[in-house]
Number of protein chains: 2
Amino acid sequence: MNSISNLVDIYRLTNRKITPQRLAIFNVLDSNTDHPTAEEIYEQVKSQIGNVSLKTVYQTLNELESLNQIQIIDVGTGTSRYDPNVNQSHHHLVCQNCSKVKDIELDISGEMLKAFGQNSGEFKIDRVEVVIRGLCEVCLGKGSSKQSEL
Amino acid sequence: MNSISNLVDIYRLTNRKITPQRLAIFNVLDSNTDHPTAEEIYEQVKSQIGNVSLKTVYQTLNELESLNQIQIIDVGTGTSRYDPNVNQSHHHLVCQNCSKVKDIELDISGEMLKAFGQNSGEFKIDRVEVVIRGLCEVCLGKGSSKQSEL
DNA sequence: TAGCTAATTAACAATCATTGTTATAATATA
DNA sequence: TATATTATAACAATGATTGTTAATTAGCTA
Ligand SMILES: [Mn+2]
Ligand SMILES: [Mn+2]
Ligand SMILES: [Zn+2]
Ligand SMILES: [Zn+2]
């Protein structure tokens with residue numbers, strides 16, 4: 001994601017209005033590395049500006065994606081995650097216990113991409129997404145098989 | 001997935017009943033490489049034995065997964081795919097145009113796994129899933145940006 | 001082969017994430 | 001400040017999946 005001021009510029013240039021709701025959403029996303037859900041973003045925005053609707057949050061997030069300012073990722077946890085990290089190519093670690101998502105930098109290039117291409121037949125590769133499942137450091141500490149205990 | 005007769009054995013051994021619905025579902029899944037959705041399996045079963053409920057299909061599929069006889073995969077197309085290929089470790093190609101899912105054999109081992117492990121910090125890796133997005137051979141033929149034209 | 005019982009099914013309602021609709025409100029600009 | 005345009009909120013709707021439960025069936029046994 002660009003900086004908030006850049007986003008404001010982008011919104012102005014594309015004839016979109018700068019509303020308190022949008023600014024608050026930009027703010028929550030800004031350098032956020034938590035891969036929050038729409039609901040989580042909604043809660044944070046609400047605590048900042050009092051009132052938003054979940055619909056507005058979804059709308060703005062979809063808009064930001066179509067402007068290539070965020071990435072909507074689905075790692076199979078049932079809800080989409082919103083990721084402002086679009087400038088740096090990266091992949092994801094997903095905790096099988098607490099569902100937290102963390103970035104991992106992997107160079108999918110050279111040898112790997114070659115190997116992928118060789119096996120893919122007639123398929124024209126656009127992008128490669130790697131999801132690594134396992135246990136995060138927090139869940140490793142506690143017994144590994146427990147469900148998220150508060 | 002095991003062969004159908006093996007599945008029947010597994011079901012007998014675990015005190016489950018061999019019903020026409022279940023047999024038909026086994027049959028649809030048997031050496032199926034299409035990664036069908038529950039709905040698609042439901043339609044095929046219905047054409048075979050006349051009546052099933054979608055709920056029964058979902059139930060049986062979840063059961064087969066917990067018996068490790070199929071794999072439920074979510075490649076972000078909004079609906080789960082059911083994959084009987086569990087004996088052979090593999091990954092997936094997903095067409096961005098028609099959403100078809102195809103298997104791809106990739107050796108995620110040696111160099112790659114080492115690289116993954118080095119970047120993953122304290123994270124304990126259980127499994128690595130690779131999703132390769134792009135265009136399948138069929139969609140490459142037609143103009144690439146069209147939606148599935150019948 | 002008929003009867004018994006536990007397991008299964010089908011019908012239906014419910015859930016959850018996400019999107020559609022629309023009347024009201026707020027922003028940008030002249 | 002008035003006006004045009006865009007955005008918001010409230011609410012309903014959707015689609016995939018799961019929950020509930022009464023009726024049915026498979027598999028065993030007499
Ligand atoms: Mn990320
Ligand atoms: Mn597969
Ligand atoms: Zn965890
Ligand atoms: Zn295709």
Side-chain angles (χ1 to χ4, degrees), chain A residues 7-28 35-43 45-46 48-67 70-83 99 101, chain B residues 4-5 7-28 35-43 45-46 48-67 70-83 99 101:
Chain A
L7 281 187
V8 169
D9 289 346
I10 292 173
Y11 266 59
R12 290 235 166 84
L13 286 170
T14 55
N15 289 320
R16 290 170 221 266
K17 297 184 171 171
I18 314 298
T19 65
Q21 289 83 358
R22 284 171 172 181
L23 277 174
I25 292 168
F26 297 171
N27 197 47
V28 168
H35 304 88
T37 63
E39 187 81 35
E40 286 164 351
I41 295 167
Y42 167 69
E43 292 300 337
V45 167
K46 206 162 57 171
Q48 279 185 30
I49 63 166
N51 67 324
V52 224
S53 86
L54 188 52
K55 182 68 205 304
T56 300
V57 172
Y58 274 109
Q59 264 169 197
T60 305
L61 291 170
N62 286 331
E63 188 169 62
L64 284 168
E65 190 206 28
S66 69
L67 292 166
I70 66 171
Q71 178 176 17
I72 303 181
I73 65 178
D74 178 353
V75 291
T77 50
T79 41
S80 294
R81 308 293 193 128
Y82 298 84
D83 188 348
S99 293
V101 177
Chain B
I4 295 183
S5 57
L7 279 188
V8 169
D9 290 345
I10 293 174
Y11 265 60
R12 290 235 166 83
L13 287 170
T14 54
N15 290 319
R16 289 171 222 265
K17 296 185 170 169
I18 315 299
T19 65
Q21 290 82 358
R22 283 171 173 179
L23 278 173
I25 292 167
F26 297 170
N27 197 46
V28 169
H35 305 86
T37 64
E39 187 80 34
E40 286 164 351
I41 294 167
Y42 167 70
E43 292 300 339
V45 169
K46 206 162 58 171
Q48 278 186 32
I49 63 166
N51 66 325
V52 224
S53 85
L54 189 52
K55 183 71 205 302
T56 300
V57 173
Y58 273 110
Q59 264 169 198
T60 306
L61 292 169
N62 286 331
E63 189 170 60
L64 284 169
E65 190 206 27
S66 70
L67 293 166
I70 65 170
Q71 178 176 18
I72 303 181
I73 65 178
D74 179 353
V75 291
T77 49
T79 42
S80 295
R81 307 295 193 125
Y82 298 84
D83 187 348
S99 294
V101 178

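A note on names: the letters A, B, ... follow the listed sequences, proteins ahead of strands, and every chain is numbered from 1. This structure is a prediction, so every number in the text was calculated from the model and none was measured.
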Are any of A:T56's side-chain N or O atoms less than 4.0 Å away from OP1 or OP2 of D:dA9?
yes
Atom-pair distance (CD on B:E39; C1' on D:dT14), nearest Å:
14 Å
B:Q59: side-chain hydrogen bond (donor to acceptor under 3.5 Å, both in side chains) partners, not counting sequence neighbours:
B:K55
Mind checking side chain to side chain contact (heavy atoms under 4.5 Å, CB included) for A:Q48 and listing every partner two or more places apart, or none if nothing turns up?
A:A24, A:N27, A:V28
Whole angstrom is fine here: how far is it from OH in A:Y58 over to C1' in D:dA13?
15 Å
Output the single nucleotide from D:dA7, D:dT17, C:dA10 whose closest atom is nearest the side chain of B:L54.
D:dT17
Restricting to side chain to side chain contact (heavy atoms under 4.5 Å, CB included), what partner residues turn up for B:T56, sequence neighbours left out?
B:Q21, B:V52, B:S53, B:T60
What is the distance, to the nearest angstrom, from the CD1 atom on B:I49 to the P atom on C:dT8?
15 Å
Base-contact (B) and sugar-phosphate-only (S) positions in nucleotides 22-30 of chain C, heavy-atom cut-off under 4.0 Å, - elsewhere:
----BBS--
Rounded to whole angstroms, how far apart are CZ on B:R81 and P on D:dT17?
10 Å
What residues, two or more places apart in sequence or in another chain, satisfy ring pair (Phe, Tyr, Trp, His ring centres under 6.0 Å) together with A:F26?
A:Y11
Distance in Å, A:E40 CD paired with A:R81 CZ, rounded so as to fall on 0.5 Å steps:
6.0 Å
Tell me whether the OP1 or OP2 atom of C:dT19 has a side-chain N or O from A:N62 closer than 4.0 Å.
yes
Side chain to side chain contact (heavy atoms under 4.5 Å, CB included) partners for A:E39, two or more places apart:
A:T37, A:Y42, A:E43, A:L54
Just to be sure I understand the rule, does B:S80 reach a base, reach only the sugar-phosphate, or reach nothing, if contact means heavy atoms closer than 4.0 Å?
sugar-phosphate
